[in-house]
Peer 1: 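Once you've had a glance at the structure underneath, I'll fire off some questions.
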Amino acid sequence: MPHPQEDAAAEAAETPPASGFASLGLSEPILKALEEKGYLNPTPIQEQAIPTVLMGRDVLGCAQTGTGKTASFTLPMLDILSGSRARARMPRSLILEPTRELALQVAENFVQYGKHLKLNHALLIGGESMGEQRDVLTRGVDVLIATPGRLIDIFERGGLLLSDVRVLVIDEADRMLDMGFIPDIERIVSLLPTMRQTLFFSATMAPEIRRLADAFLSNPKQITVSRPATVATTITEGLSLVATHDKREALRRLIRTEDVQNALVFCNRKRDVDILCKSLTRHKFSAGMLHGDMPQSARFATLERFKAGEIRLLVCSDVAARGIDIGGLSHVFNFDVPHHAEDYVHRIGRTGRAGMQGRALTLATPADRAAVDAIELLIGHPIPRLAVDGLDPVEWEEAESRGRRRGGKPAAKAAPPAKKAPKPAARAETPPAAEEQPAPRRSREPGNRRGGREDAGPREPVVGFGDDIPAFMQIRRRARPAAGPDTDGQDGKDQNEDTEIAA
DNA sequence: AAAAAAT
């Protein structure tokens, strides 16, 4: 099988740049908008998806933000929709997004690429007044971009008819699953005509996701792109063990030491986002905050200011952990160690994009030991320890002192010999954990897993993290043949070969 | 144990 991205490279070499998009069959007004934005050549997913969508075929896309995924469906949709006009309350296409910020990003895309077309869009998201959104619907929209809750709400109030929707996009399906939106999605899809085109995107293809795809799609073209073809992402990580009362001080020291252009600072709790942001501001750092309890207007405003460079540090909850595409972040700080190891990967994936160097630094307290173990187990390597000078030395909590939670035999805990943590003063110290890594992989039993998620093998999700997967994980994935008996074969046959191309 | 999304 030829690798799609090799094709892409070959083609890019042969064709003059300006015709990159034109050769995909897009119409003049869209090509013009692309040219004005300075986009000449399609990314691999665009190259594969655009002709397919124009053909009217369903798409099952395994890709993440940053691969050019959004344009891979917005561009051909604009083309398809430009032929005719929308009727009142009967949108002709529907795009479902898991968070408001992502919905907004997609809407911005439509405005940019559709500037030479006369198409309307409506953005249906919570947190803003419903009146205006309903007015727009009444005038007739071609493209409806929505988060599920608000869409259903408006539908139930009779402000919307979905019987004319010809194109449906389900974006970030895996995240929809995480957030419990799947029943809503199923409900919405049941309201749509069966004769329609469906484009379905997900960063992973866990069995539950695949089940949905099977239910929603008919004879889809499967497209898998793990990351932008061009450049290798470079994220260097670091982890500092500090006392709880030193965390804010440690963060300030790190920020001062590092060459921070702009950074996300993740906290686990919304109230800590608030506290930390105020603290940083008090210490004269340029900081703003973003979490889901803020008024929508403030969420958007802060994000815009951050993107515009007016704020240097954005303190945030996991609302910003995935999908959000902010160019050129120099750093990601984990002020708190995320509880889910997967979230670590998503968070640090916000930096090091588009080939830039990115630094991902995590502050851990002695109580975070288990969480750090879990992360290092998932990413397959220890996070290099980084000392913060001038703070009280601390050591990891003894493993025994923390109740080993739930199921499974306590003895099966990863890395039983669990040596004491690296001394705080140590520089970039990796060996101890390195020895512990390979062994513990299978220490967990199926019943041990968190409820709700039905992924196959415990650590399978490495495959298909899309461009969010840091370089080191790609290396590991290639070397993964031992993934073993318990993976229950969920990673599709057709998926692996595509996935390999990236590394 | 927490965050997201509907009010």
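Source: prediction; values computed, not measured. Hydrogens, waters and symmetry mates play no part in the numbers below; they use all other heavy atoms, side chains included.
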Peer 1: State whether Ser317(A) places a side-chain N or O below 4.0 Å from either non-bridging phosphate oxygen (OP1 or OP2) of dA2(B).
Peer 2: no
Peer 1: Regarding Pro98(A), tell me which of base, sugar-phosphate or nothing describes its non-hydrogen contacts under 4.0 Å with the strands shown.
Peer 2: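 Here Pro98(A) touches the backbone only, sparing every base.
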Peer 1: Does the distance from a Lys or Arg side-chain N to an Asp or Glu carboxylate O, for Asp164(A) and Arg92(A), drop under 4.0 Å?
Peer 2: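 Judged by the 4.0 Å cut-off on N to carboxylate O distance, Asp164(A) and Arg92(A) do not form a salt bridge.
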Peer 1: Calculate the interatomic distance between Phe266(A) atom CZ and dA2(B) atom C1'; express it in whole Å.
Peer 2: 14 Å
Peer 1: Does the pair Asp336(A) and Lys247(A) meet the rule for a salt bridge (Lys or Arg N to Asp or Glu O under 4.0 Å), with working shown?
Peer 2: CA-CA 9 Å; Asp336(A) 296 316; Lys247(A) 275 175 107 177; 2.6 Å; yes
Peer 1: Using only side-chain N and O atoms of Arg100(A), determine if any of them is under 4.0 Å from OP1 or OP2 of dA4(B).
Peer 2: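 It does not, given that no N or O in the side chain of Arg100(A) lies less than 4.0 Å from OP1 or OP2 of dA4(B).
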Peer 1: Take the protein atom NZ of Lys270(A) and the nucleotide atom C1' of dA2(B), then report the distance between them rounded to whole Å.
Peer 2: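 Those two atoms, NZ and C1', are 8 Å apart.
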Peer 1: Can you check the Glu172(A) CD to dA3(B) C1' distance for me, whole Å?
Peer 2: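 Going from CD in Glu172(A) over to C1' in dA3(B) covers 16 Å.
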Peer 1: When the distance from CE of Met130(A) to C1' of dT7(B) is rounded to whole Å, what number comes out?
Peer 2: 8 Å
Peer 1: Whole angstroms only, please: what is the CG-P distance between Asp343(A) and dA4(B)?
Peer 2: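 Computing the Asp343(A):CG to dA4(B):P distance gives 12 Å.
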Peer 1: Check whether any side-chain nitrogen or oxygen of Arg347(A) sits under 4.0 Å from OP1 or OP2 of dA2(B), and answer yes or no.
Peer 2: no
Peer 1: I need the CD1-P distance between Ile145(A) and dA5(B), as an integer number of Å.
Peer 2: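 Distance, rounded to whole Å: 17 Å.
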Peer 1: Measure from CZ on Arg299(A) to P on dA3(B) and round the result to the nearest Å.
Peer 2: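 It works out to 13 Å between those atoms.
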Peer 1: Quick check for you: among dA6(B), dA5(B), dA3(B), whose closest atom lies nearest to any side-chain atom of Thr99(A)?
Peer 2: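 That would be dA5(B).
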Peer 1: How would you label the contact of Gly127(A) with the nucleic acid (heavy atoms, under 4.0 Å): base, sugar-phosphate, or nothing?
Peer 2: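 Since only primed, P, OP1 and OP2 atoms lie under 4.0 Å of Gly127(A), the category is sugar-phosphate.
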Peer 1: Would you say Arg150(A) reaches dA6(B)'s phosphate, i.e. side-chain N/O to OP1/OP2 under 4.0 Å?
Peer 2: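 Indeed not, no polar side-chain atom of Arg150(A) lies that close.
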Peer 1: Check the side chains of Arg347(A) and Asn334(A) for a donor-acceptor pair under 3.5 angstrom, ignoring hydrogens and angles.
Peer 2: yes
Peer 1: Side chain of His339(A), base of dA1(B): donor and acceptor closer than 3.5 Å?
Peer 2: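 Result: at least one qualifying N/O pair found.
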Peer 1: Does a nitrogen or oxygen in the side chain of Arg157(A) sit under 4.0 Å from OP1 or OP2 of dA6(B)?
Peer 2: no
Peer 1: Between the side chain of Asp171(A) and the main-chain N/O of Phe201(A), is any donor-acceptor distance below 3.5 Å?
Peer 2: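 Not confirmed, Asp171(A) side chain does not pair with Phe201(A) backbone.
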Peer 1: Return the value, rounded to whole Å, for the distance between atom CG of Asp178(A) and atom C1' of dA3(B).
Peer 2: 11 Å
Peer 1: Any Lys/Arg nitrogen of Lys69(A) or Glu97(A) sitting under 4.0 Å from an Asp/Glu carboxylate oxygen of the other?
Peer 2: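 Looking at Glu97(A) together with Lys69(A), the answer is no, because their closest N to O distance does not fall below 4.0 Å.
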